[in-house]
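Naming convention: chains lettered A, B, ... in sequence-line order (proteins, then strands); numbering from 1 in each chain. Scope of the values below: all heavy atoms of this structure, side chains included, with no hydrogens, waters or symmetry mates. Only a predicted model underlies this, so the values are computations on that prediction, with no experimental measurement involved.
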There are 2 protein chains.
Amino acid sequence: MKLSTKGRYAVTAMMDLALHDHTGPVTLADISNCQGISLSYLEQLFAKLRKEGLVEGVRGPGGGYRLGRPASQISIAEIIHAVDEAIDVTRCLGSKDCHGGEKCLTHQLWEDLSHRLYEFLDGLTLASFISRPGVREVSRRQDTTASRIATMFPPRTAFSAMVAQGR
Amino acid sequence: MKLSTKGRYAVTAMMDLALHDHTGPVTLADISNCQGISLSYLEQLFAKLRKEGLVEGVRGPGGGYRLGRPASQISIAEIIHAVDEAIDVTRCLGSKDCHGGEKCLTHQLWEDLSHRLYEFLDGLTLASFISRPGVREVSRRQDTTASRIATMFPPRTAFSAMVAQGR
DNA sequence: TACCATACCTACTAATCCAGTAAGGAATTA
DNA sequence: TAATTCCTTACTGGATTAGTAGGTATGGTA
């Protein structure tokens, strides 16, 4: 279990998808604009997320990405694991005899910790974050604003592009 | 809260110190040999740990490092925080208006997660790992072996040096 | 006292990873 | 057909990791 900026990008992007799950696919350009992450970098991250089935892409105009499963069935651990490949486990097993067991001991303690951490993050789902009080309200407000403008400029993207340009 | 190999090194090294807390200081050379981490790299890590008061150094022959506080008062979060400086928080506050609040929202959700993670790791102390069943036994066995040889070759270091050389 | 083991400090370096750039192809809708 | 979007690959500057090297300071021991 590793945790870096990369993992944060992936998690926040997934939260974005979860927030707009009922409004249809979200484009990477949107996320790129909204969260200030480069588009191509996002594409690389989403390639990994897609490989794990966490998201699914919809091509063509009006397309984008949506969650591969309900938000309640996607854990934070899965997301981080998909993009931040695991820390290399100590190469204790097999090589040498671990200097009389001591290395094995601390190694074992680390695995213990690592396991507890994973279980903790695996217990946290996307849904558990967006269902917090206050979140839905903000999200809904944004969606209604977007959909109001969307009736004039069909896809959600048009609105986001305007926002991105500061209009 | 960031988590990388660096943090793992620091945590396992601290576990090592905790395991031998009652046997006196542990030298970095010992840890280096036992866990396969370069000596100078360990020195850099321990400089940071010392700055935070997590360890204290004892100079001269027979010296080494020992815990700066009881193992029950040192949390995993503190150790990781000491060596793996925090991930840069999104520079959302102040700059621009966060594109209509959306960036602020996912940012806020991330902070929420980050906070929960920190609290989790802050609740885990070194003591909570070394007090697990089975750990003390192995540790004690190693210590008695060490001290038996130590009566012939005074400081603990002599034994470690032999082990390191594969004798 | 001289010597040695250890912490402690600073500067340098090779390798790796992060984050982004660039360029294009493939699928879908209008 | 044209526009939009996903999807893929290759390249790149910079940061970080992990290690090297070379010292100084301090304390125990012969």
Nearest whole angstrom, please: distance from the [atom2] of [N] to the [atom1] of [X].
X	N	atom1	atom2	value
Arg50(B)	dA7(C)	CZ	P	11 Å
Lys48(B)	dA7(C)	NZ	P	19 Å
Tyr9(B)	dT17(D)	OH	C1'	9 Å
Phe46(B)	dA7(C)	CZ	P	9 Å
Leu42(A)	dT5(D)	CG	C1'	14 Å
Glu56(B)	dA7(C)	CD	P	13 Å
Leu3(A)	dT16(D)	CG	C1'	16 Å
Leu45(A)	dT8(D)	CG	C1'	14 Å

Distance test, side-chain N/O of [X] to OP1/OP2 of [N], below 4.0 Å:
X	N	result
Lys2(B)	dT17(D)	yes
Thr5(B)	dA18(D)	yes
Arg8(B)	dT17(D)	no

inquiry  = Using the side-chain heavy atoms of Asp84(A), tell me which of these nucleotides is nearest: dC18(C), dC9(C), dC6(D).
reply    = dC18(C)

Non-neighbouring partners of Arg69(A) that pass side chain to side chain donor-acceptor pair (under 3.5 Å), sequence neighbours left out = Glu78(A)

task = Look at Glu56(A) together with Arg50(A) and state whether they make a salt bridge at an N to O cut-off of under 4.0 Å.
result = no

I'd like to know if the side chain of [X] pairs up with that of [Y] as donor and acceptor (distance under 3.5 Å, no hydrogens or angles considered).
X	Y	answer
Asp16(A)	Thr106(B)	no
Ser4(B)	Asp84(B)	yes
Thr12(B)	Gln35(B)	yes

query = So Phe46(B) and Tyr65(B), would you call those rings parallel, tilted or perpendicular, with 30° and 60° as cut-offs?
reply = tilted

request  = Starting at the 5' end of nucleotides 20-29 of chain D, put B wherever the base has a protein heavy atom under 4.0 Å, S where only the sugar-phosphate does, and a dash everywhere else.
outcome  = BB---BBBS-

note = The answer to which of Lys6(A) and Val58(A) contacts DNA chain C further toward the 5' end, by nearest nucleotide, is Lys6(A)

message = I need the Lys48(A) NZ to Ile79(A) CD1 distance, nearest 0.5 Å.
response = 14.5 Å

ask   = When all nucleic acid strands are considered with a 4.0 Å heavy-atom cut-off, which category describes Tyr65(A): base, sugar-phosphate, or nothing?
value = sugar-phosphate

